[in-house]
Every structure is written in C-alpha cells, then in structure tokens.
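See structure below.
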2 protein chains.
Amino acid sequence: MNLEDVARLAGVSRSTVSRVVNGDRRVSDAARARVQLVIKEHAYHPNASARGLASRRTRIVGLVIPQVVIESFDDPWFPVVIKGALGACDDADLSMMLLMDRSLDDANATGLFGRVIHGRHLDGVVLASSTFDNPLAERLHAERFPFVLIGRSDRENWSFVDIDNRRAAAEAVSHLLGHGYRRPAMLAGPEVVIGAEDRLDGFRDAVAAAGLDGAHIPVRHLPFSQRSAYVAALDLFRASPRPDAFFAASDAMAIGVLQAARALDLRVPDDVAVMGFDDIEEGRAAQLDLSTVRQPASDLGSRAVAILASMIADPARPPVHEWLPTRLVLRGSCGCGFVNARMVESTTEGKRGEALVTQSSRVAELVAYSSPGG
Amino acid sequence: MNLEDVARLAGVSRSTVSRVVNGDRRVSDAARARVQLVIKEHAYHPNASARGLASRRTRIVGLVIPQVVIESFDDPWFPVVIKGALGACDDADLSMMLLMDRSLDDANATGLFGRVIHGRHLDGVVLASSTFDNPLAERLHAERFPFVLIGRSDRENWSFVDIDNRRAAAEAVSHLLGHGYRRPAMLAGPEVVIGAEDRLDGFRDAVAAAGLDGAHIPVRHLPFSQRSAYVAALDLFRASPRPDAFFAASDAMAIGVLQAARALDLRVPDDVAVMGFDDIEEGRAAQLDLSTVRQPASDLGSRAVAILASMIADPARPPVHEWLPTRLVLRGSCGCGFVNARMVESTTEGKRGEALVTQSSRVAELVAYSSPGG
DNA sequence: ACTGCGTGTGGGAGCGCTCCCACAGGGATT
DNA sequence: AATCCCTGTGGGAGCGCTCCCACACGCAGT
C-alpha cells in the first residue's frame, strides 16, 4: 500500500493524496473525504524512509545520554528527564532515539556521529551533558546541526533549558544556615559538570552572606552517587571540627550523608542538618524527612524537545535560553523538624521572568529556631 | 556528498562504491582502496533514509517501555535494561528508539503503531512488558513484525529472554525458611505481570516444601514500589500472628519492608527476616544488609537486542527462548547475619543448560542457625 | 473579448540508495 | 579452440515519497 495505490482507489492523483496526508488545505472537501476514507479502510501509513528521503526530514530526534549517567544509572534524575522528553516527542509527533555519548565522541567515520548525524538519521538532538568542555556541542554547532542543551552554556548562540542552580542552592543553604548551623560542608558533584559547579557557587554565596569565613569550609568533589557521599561524609564526620550541616549536590548524595550520620549515631537534624537537591522519589520517604530543592526534571526534558522541534521547523530561529523554576521543599532534615518549626515551602521563580510554571510563594513561618551546634 | 560523487572521484561506478560501503568482498583491492580513501577524505556517510527506502531496512530497533514503568520511574531495574540494550545496539550497528506502550495501544492510524510500525520506521522491537495479556505482542505477531519479549510467554512461537523467576524465588525462600522462620509473608507484584506471578509461585513452592500450610500465609499484590510495600508491611506487622519473614518481589519493596520494620522498632533479622529480589544498587548499601536474588538486568536488555538482530537478519529463524542465570546473594537480612553464619553465596544456573553465563556454585556453609520466631 | 488572479488538481523530476542483470576478461575444464 | 565458471565491474530500474511547475477552471476587473 503506497501513495499511488491510495490515489488510484480514491480516483485522485498522488499529489492530492500527499496533500491530504500532510494537512495541506488546498484540497476540496470532496477529494479529501474520499482520500481519507481510503486511507482509513486500508490502514495506509506513509513510509518513513521515503518521506525522509524526499523531504530531508526524518521526524526523529536524539537524546544523548552522557557517559557519566550511563555508568551509574542509579541516579533517578535521568529517567525522569527521558520520560518528559518522550512525552513531548509524542505530542510533537516525533520519535526519540537514545544515544550514548561515547558513540558520538568517536572522531572516525565509523562512530555514531557519522552514521547518525551525517547520515541524516536525525533532525536534531538534545544533549543532557552540560559540561564546561563540550566538544560534541561544539561540533554540532560547527555543522549547523540543530541541538538543545539540558543545562546552561556560556555560548550565547547555543540553546538550552536549565534551572537557576546557583540561586536555588544559595536559597537552600541560606535557609539551612538560618537555623543557626555554623560549620557547613558541601558535597559537590563532578567539577566538569556546570550545574554542579553552579550549586557550589550558590553554596559559597550563602556562606558569605551568613558572614562565615569560606576559607576553612570543607568542599568535596564527588560523583553524584549515594555511595561516594557516604564515604566522604564518614570521613568529614571524623574531622575536627565536625561539620554540623551538609549541603549535598543531589538527593542521592544527601541520602548517603544520612546513612553516614546513622552509622555514627549522629542525630538529624540535632547533631547534623542535611539539605539535598533534586527531590527524588526515594528522598520523599517519610523516615528520611529530607529537605531539598525540587527541580522539574520532567519539564527539563519536555521543554528541551519542544525547543528543538521549533528549531527544526525554523532553522533561522534565534537561540532560546529557558529557565525553569525550582522550589525549596522543607522537611525535617534541615533543622525545621528539630526546632519544632511549622513545615513551610517557598518558591524560586525561574530567572528573568521566563518561567513557564509559576507558583505562588508561601512565606516561611518559622515558629522558632535555635543553634544546635555551637 | 553522495554515492555518485564518491564514485566519480574514485573513478569507479556507483555499484562498486556501494559494495565497498556494505562490505561486499567482490571488489578488487585496488578499487576498494581508492574508494575508501575518497570516503575518508570527504567524510562520506550513506544517507539513512535512502538506504532504508531501497533496502527496506532502517537499522533501527524499538524498545517499548511499559506504561507501568513510565509511571513510577523510580524502579532502577528498567534503566539498567536500557543500558544493556543500548550497548548491544552499538555492537550490532543499530540505533535504538524509545517508545511508550500507550502510544502503541492506539488502535487508530494516528498512533505510533501506525506511524512507527506500519510506516516501517523500525526493523523490530523489544517489548519489556511481559504481562499475561499482551495485545501489542499479539498484533505484532499477526503482522509478522519481528519482536522479542523481556519476560517469558506461553506462546511457543514468540521469542523471549527471561530468568527463571519461579526457581530463583523458591530457592531464596527455601533459604529464608531454612533459618527457621515459620510465619512467612509475601509482597507480590502486580497480578498481570508474569514474572511477578512466577515469583509468587516460587514462594508457594518453597512454603509447601517446608511443610507449612499455605492457606493462612499472607500474600499482597502491590505495585513494585517502595512506598506501597512500606504501607502493606506496616499493616501486616500489626496483624496477629505477626509475620517473621518477608519475601518481597523486588528490592524496592524489600526496602519498604525494612523501613516499616524500623518504624515499628522491629529488629532485622532478629524479629523479622527480609529477602528481596533484583539486587539493585541501593540495596547493596552496607547498612541495609539486604539478602536478595541478583538478576542480570543489563544482560536481559542486551540479549533481547541480539536475538532481535538475528531475527531481523533471518526472518525464518525459529523462535528463541533464552534463560539467563540468577544468583542468590546472602547478606544479613535473611537471617544469616542474625545467626552469625558465614556469608555465603550460591548460584542458580539458567534452566535447561541454556545459560550464557556460568558461575561456579559455592556450597552454603552455615555454621548454625536457630529459630528466632517460635 | 482580453487579462488577471485564486483555487484545486495532475504529472514529472528528483531524493540517494540497493538490487538485479549484463558483461568483460582470465583461468580451468572439456 | 570452444566452453564453462568465477571474479570484478557497470548501469538500469526501482523504492515511495515531496516539491515544483503546469494547467484547467471560475470569477472579477478593464
């Protein structure tokens, strides 16, 4: 069953069928009705390859998974991004191809870069790897291949979606320090990841704003995993002076800190307070009572795809920089529970008013707080 | 840059270039060398759409994510399957498209089934949804579209890869009951999932083998999530008689049981023993000390793709039923820790000697065990 | 009547491959 | 010397679409 067959059965030309299939309005109602009937009765579906060949559009977009994520797939952040991206693809009538970073690194012809990008398998890609050094994006840009980053970039003409990591982190840490803790420590992510460094900068902003001397504050750069954080926290807990508040760059890491605290019989938040980042499902378990920063991982994926779709539709489109809102979620581990404060939530809007989701900000109503540490 | 251009530059015909590109051996060394040089110098890559149109092969396979998984993406099992599948695609020079189950359910022409399957976007699909009722597989089979299931099926002519859930579960529960617990309970998965029911059957096998009366043993059908298990376990702990051993159909559920035990100040494994299934990364954290059944999730994904690739290459190929090995991983929560037994591991080979991975079986050396429950 | 324009329709020429068939030339077989 | 096969090569005919151009037709403006 192909276009020609449908045309014959409907008593029209190939062109007319093509117009009906592609939603061209310049078709008479009578012809359209006949064609649609034939299409439905014979379950006709246009051949993707033929379409791709003729139109130079495959309607497939790629989602590139960074090597870091593939290695430790226990980070629940990425699956949620995938889910969001997949939903947006569905809405835009696109298909989504999953690609591994390393396949694209390959400078040779044999790698996926050649086969997939040069072979015009895809119309564009979403890159979830927002590292400072990004040779893949560099190359895509050089070849004028449409792409969107998840995670900001300094390059003005690259499109991205991101959250304001620095501001969100600063806000969270300011809240943490507001409970009176004086010896904060940070478990930061890998140094090459922009978002991780932004969270560290936000941490430093808050530390400075609290009037603490940043010079002696411990900061550890680690993979985004529970295990690495567990080990690092154990180590820091044995140091002197012992930290009384931890800011972790991800919830998985924060859970590692909680485990380390439990292993050493330290009470949370009495002996040590913990603030995470992400608001993953596991962290929401009642017993952990983990305070954290909620980020819209699913929206990050879906907005990236939506922007990519618009770039593909209009290559002349100027680059888009979209900031999504985060939200401080206060449970007990930051000290709110300890001081018997009322559970509060406050909100960080997306930067520069570009936020798509707007949420009303509830003012914190802390009943009282005291300094547990020193 | 296309085939024709390469041919002209190399001084050969289009056909010869095509042969070189596709690894046809019937080309002289001289001609091959010249063509390869031109290809390399001009970074030529065959156009995927044109190839697909002419050869009726896209070299893209789909991985269908079940609706259940997409909804609760906190189950770390599936990302690992994806990772394995992606690796196998890379090896076989295939691309992988991610699809949602619901898109395919759509009986209408507009759904992905029409666009992707009928539109010949794909050469085949891997279905990770191994439910008893599987209309999607039914339809694919009816249309002679290549597919492989992850999870067994009763249909003889459908290919699948799976683990022997029943035997692995029976072995795990037998071990658990071997420590002397007399009031086991099971937190089973959703009733529609074949693998979940197999684990339940294995549980019942072990219960019967231990001479216990299965009639009064609590079994709860739940989603594969930590939270649902937490709630169910709390409930069961309040019943009388209180269970003294839990078998959970997944590690996430087992962790929910551990949390419930902690919430009620029950000691593990003194007051209650717990056995999980999956051996996910989180479950390996030292403090949880969770005994479980390790399953090769990554291999499940990669083998499914490999089998699919062979089916695509040879459509006449008889269906493949492949069983991968599991392994009982004994930590403390099953009672081994409690009774001060030596840490042991034993192995379940894949059924019928079809196992790809063979591991030597270490004989359990339990020093002693006693019945904590009564 | 001639021109102009907007709408609906048809047909040709690709898009860049693969696959089949034809055929040249050299060596082995009759 | 004629025949056969085997290897290496070239060219034609698609694959099933999209896109462009041509053109018929009706209706207003001159």
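Both backbone and side-chain heavy atoms feed into the values below; hydrogens, waters and symmetry mates do not. Here is the naming used below: chain letters follow the sequence lines, and residue numbers restart at 1 for every chain.
- Using modelled atom types, one side-chain atom of B/S55 and one backbone atom of B/R51 make a donor-acceptor pair closer than 3.5 Å.
- Nucleic acid contact for A/R51: sugar-phosphate only, since backbone atoms but no base atoms lie under 4.0 Å from a heavy atom of the residue.
- Rounded to whole Å, the distance from CZ on A/R26 to C1' on D/dA22 is 13 Å.
- Taking atom CG on B/L53 and atom C1' on C/dG14, their separation rounds to 12 Å, with Å as the unit.
- Rounded to an integer number of Å, the gap from CD1 of A/I39 to P of D/dC17 is 10 Å.
- In this structure, the side chains of A/L300 and A/W77 come closer than 4.5 Å at one or more pairs of heavy atoms.
- Between the P atom of D/dC19 and the CG atom of A/N22 lies a distance of 7 Å, rounded to the nearest Å.
- Nucleic acid contact class of B/T16 (heavy atoms, under 4.0 Å, all strands): sugar-phosphate only.
- Taking 3.5 Å as the limit, the base of D/dG16 and the side chain of B/R56 contain no donor-acceptor pair of atoms between them.
- Comment: B/E143 engages B/R139 in a salt bridge, judged by a side-chain N to carboxylate O separation of less than 4.0 angstrom.
- Within 3.5 Å, a donor on the side chain of B/R14 pairs with an acceptor on the base of D/dG12, or the reverse.
- B/D123 and B/R59 are not joined by a salt bridge, as no carboxylate oxygen comes within less than 4.0 angstrom of a charged side-chain nitrogen.
- Protein atom NE2 of B/H121 is 16 Å distant from nucleotide atom P of D/dG16, rounded to whole Å.
- Following rounding to the nearest Å, B/N2 (CG) and C/dC15 (P) show an atom-to-atom distance of 8 Å.
- If you take CG of B/D29 and P of D/dG8, they are 8 Å apart, rounded to a whole angstrom.
- Residue-level contact check: B/S55 touches the backbone only, with heavy atoms under 4.0 Å from sugar-phosphate atoms and none from bases.
- Contact annotation: side chain of B/S15 to base of D/dG11, donor-acceptor pair present below 3.5 Å.
- Here the C1' atom of nucleotide D/dT18 and the CG atom of A/D24 are 12 Å apart, to the nearest Å.
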